[in-house]
There are 2 protein chains.
Amino acid sequence: MPAHPVQPGRTPDRLKSRPTWLVSRAYARSAALLVAGFEAEGNGLRGYHYRLLAALEQWGPASQADLGRDTGIDRSDVTAALTELEARDLVERRADPEHGRRKIVTITPRGLDVLADLDTMVDRTQDALLAPLTPAQRRQFVSLLSRLLD
Amino acid sequence: MPAHPVQPGRTPDRLKSRPTWLVSRAYARSAALLVAGFEAEGNGLRGYHYRLLAALEQWGPASQADLGRDTGIDRSDVTAALTELEARDLVERRADPEHGRRKIVTITPRGLDVLADLDTMVDRTQDALLAPLTPAQRRQFVSLLSRLLD
DNA sequence: TTACCAATGTTGGTTCAACCAACATAGAAC
DNA sequence: GTTCTATGTTGGTTGAACCAACATTGGTAA
């Protein structure tokens, strides 16, 4: 369902055993945990910023267009998010010397620090989400999800 | 992550094995399949309408406020969705004889028919979503999701 | 009874993520 | 040299989820 409320009262039988419904509820919980985590210790950063920092750390400097393609974020949203990251000294934007219009984005040392902090927050969120499962069940869950998305 | 794009190019390692990420990707796929199903054979109806019809079928006539509480849909959105359902003769709204302001909503025979059609569409969507899994894995997946949401 | 409070249905908003269009400007292709 | 495509940016639009206020009604307390 293209709707993910956090607090339905009771659920019709036809919904509550359907995988699409369960996935949407799991997503609602997961997203709520992440939003709470970012709000509590993200210093105003959100998922967009985290994904951009992660991409920069993993693959090194990139143009904004490439960043957008890699992260699946629209060019215009990349621009806005990078402006906020730059204002916090977490990334650097400099003109590509070989391409007049292109800008090369680099993560700064402070950006790496913040990314590390966000990483531990996100890791704790995984534990919170998977709390009801045993370690073996968690591995199974991740494995099934991965297969589902191949 | 509070974002569910359908087409990221490549995914940073730190994301792609994290349950929250996998769940958000699974939700993106699930929601896209459902939206496509409703668009193809929903005759202009969407998830909201389906949930309301399902609640009415399952628990019988109810006031709008109760419907909202049961489905987790805001009162104002319930009003709008019911207006559309009523225009299609899928529900009936009549004043509660015992409560001046309250309205009792009932699903009509046509509403039951449409609900049955939507049910088969939604069932087919389950198969599409779970296609990569074997029957045993599907049972496991549903079981783990249910446990996760307890 | 009267006065207050809570609930109902409705209207008309706001917020926020996702997405789209248009632009000036730069390289690439032909 | 002209056309075509890519880039970064601005300024939108859409749609789901919420929220606020209102008139109206029932219930509660005094």
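What you are looking at is a predicted structure, and each value in this text was computed from that prediction instead of being measured. Convention: sequence-line order gives letters A, B, ...; per-chain numbering from 1.
Separating the NZ atom of B/Lys103 from the C1' atom of D/dA23 is a distance of 13 Å, rounded to the nearest angstrom. Straight-line distance from the CG atom of B/Asp96 to the P atom of D/dT25: 13 Å, rounded to whole Å. The distance between atom CG of A/Leu82 and atom P of D/dT7, rounded to the nearest whole Å, is 14 Å. Nucleotide C/dA17 holds its P atom 13 Å from the CG atom of A/Leu34, rounded to whole Å. The nearest whole Å value for the distance from the CG atom in B/Asp77 to the P atom in D/dA20 is 15 Å. For the pair A/Glu39 CD and C/dA17 C1', the interatomic distance rounds to 14 Å; values are reported in whole Å. Following rounding to the nearest Å, A/Glu84 (CD) and C/dC16 (P) show an atom-to-atom distance of 12 Å. Between B/Glu98 atom CD and D/dG27 atom C1' there is a gap of 15 Å when expressed in whole angstrom units.
Of the candidates A/Leu144, A/Val142, A/Leu145, B/Leu144 forms a side-chain contact (heavy atoms from CB on, under 4.5 Å) with just one, namely A/Leu144. For the side-chain contact (heavy atoms from CB on, under 4.5 Å) with B/Leu90, the lone residue among B/Leu52, B/Ile107, B/Leu45, B/Leu115 that qualifies is B/Leu45.
For the OP1/OP2 pair of C/dA18 and a distance below 4.0 Å, the side-chain nitrogens and oxygens of A/Tyr48 include at least one atom meeting the criterion. Applying the 4.0 Å criterion to OP1 and OP2 of C/dA7, one finds that B/Gln64 has every side-chain N and O outside that range. An OP1 or OP2 oxygen of D/dG8 is reached within less than 4.0 angstrom by no side-chain nitrogen or oxygen of A/Thr79. Distances shown here put every side-chain N or O of B/Arg75 at or beyond 4.0 Å from the OP1 or OP2 atom of D/dA21. Distances shown here put every side-chain N or O of B/Arg102 at or beyond 4.0 Å from the OP1 or OP2 atom of D/dT24. Under 4.0 angstrom from either OP1 or OP2 of D/dT9 there lies at least one side-chain N or O belonging to A/Arg93.
Of the listed nucleotides (D/dG27, D/dC18, C/dC19), C/dC19 has the atom at the smallest distance from the side chain of A/Ser76.
Sequence order on DNA chain C of the closest nucleotides to A/Asp74 and B/Asp74 puts B/Asp74 first from the 5' end.
Side-chain contact check for A/Thr83 and A/Arg93: at least one donor-acceptor pair (N or O, by modelled atom type) lies under 3.5 Å.
Residues B/Met121 and B/Phe38 share a closest heavy-atom pair of CE-N, 3.7 Å. Taking all atoms of both residues into account, the shortest heavy-atom contact from B/Ala55 to B/Leu67 is CB-CD2, 4.0 Å.
For B/Arg101 against C/dT8, a side-chain-to-base donor-acceptor contact under 3.5 Å is present.
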